[in-house]
There are 2 protein chains.
Amino acid sequence: MKIGELAQQSGLTPSRIRFYERIGLLKTVERRPNGYRTYPQQAVMILGLITTAQRAGFTLDEIRTLLPSDLTHWDHAALMDALTRKIADIEALQVRLTQSRAHLLRLIEDIQERPDDMDCAANAHRVLTNMLSDHPEALDVTSGDIRLLDTKDRRQSVSPDRRKKTASR
Amino acid sequence: MKIGELAQQSGLTPSRIRFYERIGLLKTVERRPNGYRTYPQQAVMILGLITTAQRAGFTLDEIRTLLPSDLTHWDHAALMDALTRKIADIEALQVRLTQSRAHLLRLIEDIQERPDDMDCAANAHRVLTNMLSDHPEALDVTSGDIRLLDTKDRRQSVSPDRRKKTASR
DNA sequence: CTTGACCTTGAAGTTAGCTTCAAGGTTAGG
DNA sequence: CCTAACCTTGAAGCTAACTTCAAGGTCAAG
C-alpha cells in the first residue's frame with residue numbers, strides 16, 4: 001500500500017504520516033525501487049491506535065515511548081502505569097473545570113445582582129473586587145500535565161526576568 | 001509604580017507585562033522622562049483580571065475584545081454572552097473528558113480480562129481490535145474552541161495534501 | 001566613579017503537532 | 001508524448017503565549 005492509500009484508509013493526511021515517521025513514532029518503512037514508501041495492512045491499525053491515544057490525551061512523545069515496535073509485545077507494566085496516570089490527570093482536569101464553571105456561574109450571578117441603587121460603574125467595581133478576592137488559590141489546581149490542557153508549567157528556571165511572586169503574602 | 005514593582009505586586013514577570021502591552025491587551029502607559037514605564041495602582045487589578053480570565057479558559061484575544069479601556073464601562077451584553085459561551089465550552093469539554101476517562105477505564109479492564117487460555121500476543125490483538133472498533137465516533141466531540149483544550153481544528157482548507165477521509169464509512 | 005540592579009528595545013527562540021512550499025522524480029491514461 | 005495525479009525531500013511556516021537574548025541606557029549606594 002502506498003502512502004496515499006494508507007492516508008485514505010486511516011483518515012490522516014500523507015504529510016502527517018510522513019511527520020510521524022520523521023519523529024520516530026512510526027518505524028521507517030520499506031521502499032519500492034522508485035523510492036515510494038510501502039505499508040503493510042497493519043499500518044492502518046497502528047495509525048488508528050495513535051489517533052485514539054491522542055484523543056485520550058496522550059502526547060505523541062508519550063505514545064512513542066509506549067508503542068512497542070512489535071504490536072504483540074507491549075510493556076504491560078508501563079502501559080498500565082501510563083493509563084492509570086492519564087486517568088488521574090483527567091480527573092484533576094475535571095476538578096479544575098468544575099471549579100472554573102462554578103466560578104463563571106457565580107460571576108454571572110454577581111453581575112446581575114446589582115443593587116437597584118447602584119450605578120454600573122460602582123457595580124463594576126463591586127464585581128471586580130469580589131472576583132479578585134474570590135479565589136484565594138482555589139482555582140490554582142496547577143493540574144497534572146495532560147495535554148488536553150494548556151498546562152505548560154510557566155514556572156521559571158534561572159533567567160533574566162527572574163522575579164515572579166517574590167514577596168507578598 | 002515602575003514595571004518591576006508591578007511585576008511583584010501582580011505576580012507576573014516584567015516581560016509578560018511588556019508583552020501584553022505589545023499585543024494591545026494593555027493600553028500604552030505613561031513614561032517617565034527617562035523612558036521608564038509608570039503604572040497606576042489600578043494596573044495591578046487589571047493584571048489580576050487578565051490572569052483570572054485566563055484561568056477560566058479565555059484566550060488573550062478574547063480578553064482583549066472584552067476588556068474595555070475604562071474598567072467602569074463594560075459591554076454588558078458582550079460580556080454576558082462570552083461568559084455564557086465559555087460555560088458551554090467547559091461543559092462540552094467535561095463531556096469529552098468523561099468519555100475519555102470511561103474509555104480508558106474500559107481499556108484497563110479489557111486488558112486485565114485476558115482469558116486464561118490466551119497468550120499475550122493474542123490478547124494484545126483482541127484488545128486492539130476491541131478498542132479500534134469501540135468508538136464509532138463517540139469520542140469525536142470536536143468540542144468548542146475553549147483554549148483549555150488543544151482544539152486547533154485540524155480540518156483543511158484547499159491544499160496540497162488535500163485528502164483526508166475522502167471515501168470510507 | 002564604579003558596581004549592580006534596574007530599565008529600554010527589537011528580534012529571535014520555545015513547544016506541540018502538524019502543514020505548506022519549493023523543486024523535483026514517477027507513472028498511468030489517452 | 002503529454003498531462004495529471006501521484007510520490008520524494010528538506011526547510012520553513014503556523015498558533016499561542018510567552019521568554020530569552022543582545023546591546024545598551026539609568027540610577028542609587030558605597
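Here is how names work: the chains are called A, B, and so on, in the same order as the sequence lines, proteins then strands, and each is numbered from 1.
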Let's go through B:D89 and B:R85 carefully: what are the C-alpha distance in whole Å and the side-chain angles of both, what is the deciding distance for salt bridge (Lys or Arg N to Asp or Glu O under 4.0 Å) to 0.1 Å, and is it a yes or a no?
CA-CA 6 Å; B:D89 287 349; B:R85 270 189 288 101; over 6 Å; no
Any side-chain N or O of A:S15 below 4.0 angstrom from OP1/OP2 of C:dT20?
no
Determine: side-chain N/O of B:R31 to OP1/OP2 of C:dT9, distance under 4.0 Å, yes or no.
yes
On DNA chain D, compare the nucleotides closest to B:F19 and A:E21; which residue's is nearer the 5' end?
A:E21
Both B:E5 and B:R22 contact DNA chain C. Which one's nearest nucleotide lies toward the 5' end?
B:E5
Report the distance from atom CG of B:L47 to atom P of D:dC18, rounded to the nearest whole Å.
11 Å
Round to the nearest Å and state the distance from A:L6 atom CG to D:dT8 atom P.
11 Å
Just N and O in the side chain of B:T13: are any of them under 4.0 Å from OP1 or OP2 of D:dT19?
yes
With respect to the side chain of B:Y20, which nucleotide from D:dC18, D:dT8, D:dA17 is positioned closest?
D:dC18
Please report the interatomic distance CH2(B:W74) to CG(A:L128), rounded to the nearest 0.5 Å.
5.5 Å
Using a heavy-atom cut-off of under 4.0 Å over every strand shown, decide if A:I23 touches base, sugar-phosphate, or nothing.
nothing
B:E30 CD to C:dT8 C1', straight-line distance once rounded to whole Å
18 Å
Rounding to a whole Å, what distance do you find between A:L25:CG and C:dA16:P?
14 Å
With a 4.5 Å cut-off on side-chain heavy atoms, are B:M1 and B:V44 touching?
yes
B:Q54 side-chain proximity, nearest of C:dT9, D:dT8, D:dC18:
D:dC18
Report yes or no: is there a donor-acceptor pair, N or O only, under 3.5 Å between the side chain of B:Y36 and the base of D:dG25?
yes
Please report, rounded to the nearest Å, how far the C1' atom of D:dC6 is from the OH atom of A:Y39.
14 Å
For B:R55 and D:dA17, give me the distance from atom CZ to atom P, rounded to whole Å.
15 Å
Tell me: CD1 of A:I50 to P of C:dG17, nearest whole Å?
12 Å
Return the value, rounded to whole Å, for the distance between atom CE of B:M1 and atom C1' of C:dC7.
16 Å
Are B:T59 and B:D61 linked by a side-chain donor-acceptor pair shorter than 3.5 Å?
no
Hey, mind stepping through B:E62 and B:K86 against salt bridge (Lys or Arg N to Asp or Glu O under 4.0 Å) and telling me if it holds?
CA-CA 11 Å; B:E62 291 172 318; B:K86 194 55 65 180; 3.1 Å; yes
Relative to the 5' end of DNA chain C, which residue comes earlier, A:D61 or A:N34, by the nucleotide with the nearest heavy atom?
A:D61
Using a cut-off of less than 4.0 Å, is there contact between a side-chain N or O of B:R18 and OP1 or OP2 of C:dT9?
no
Test salt bridge (Lys or Arg N to Asp or Glu O under 4.0 Å) on B:E21 and B:K27; report intermediate values, then the result.
CA-CA 6 Å; B:E21 184 182 327; B:K27 53 184 180 188; over 6 Å; no
It should be established whether B:R37 places a side-chain nitrogen or oxygen under 4.0 Å from OP1 or OP2 of nucleotide C:dT8.
yes
Has A:R32 got a side-chain N or O lying under 4.0 Å from the OP1 or OP2 atom of C:dG25?
no
Does a side-chain N or O of A:R16 approach OP1 or OP2 of C:dG17 to a distance below 4.0 Å, or not?
no
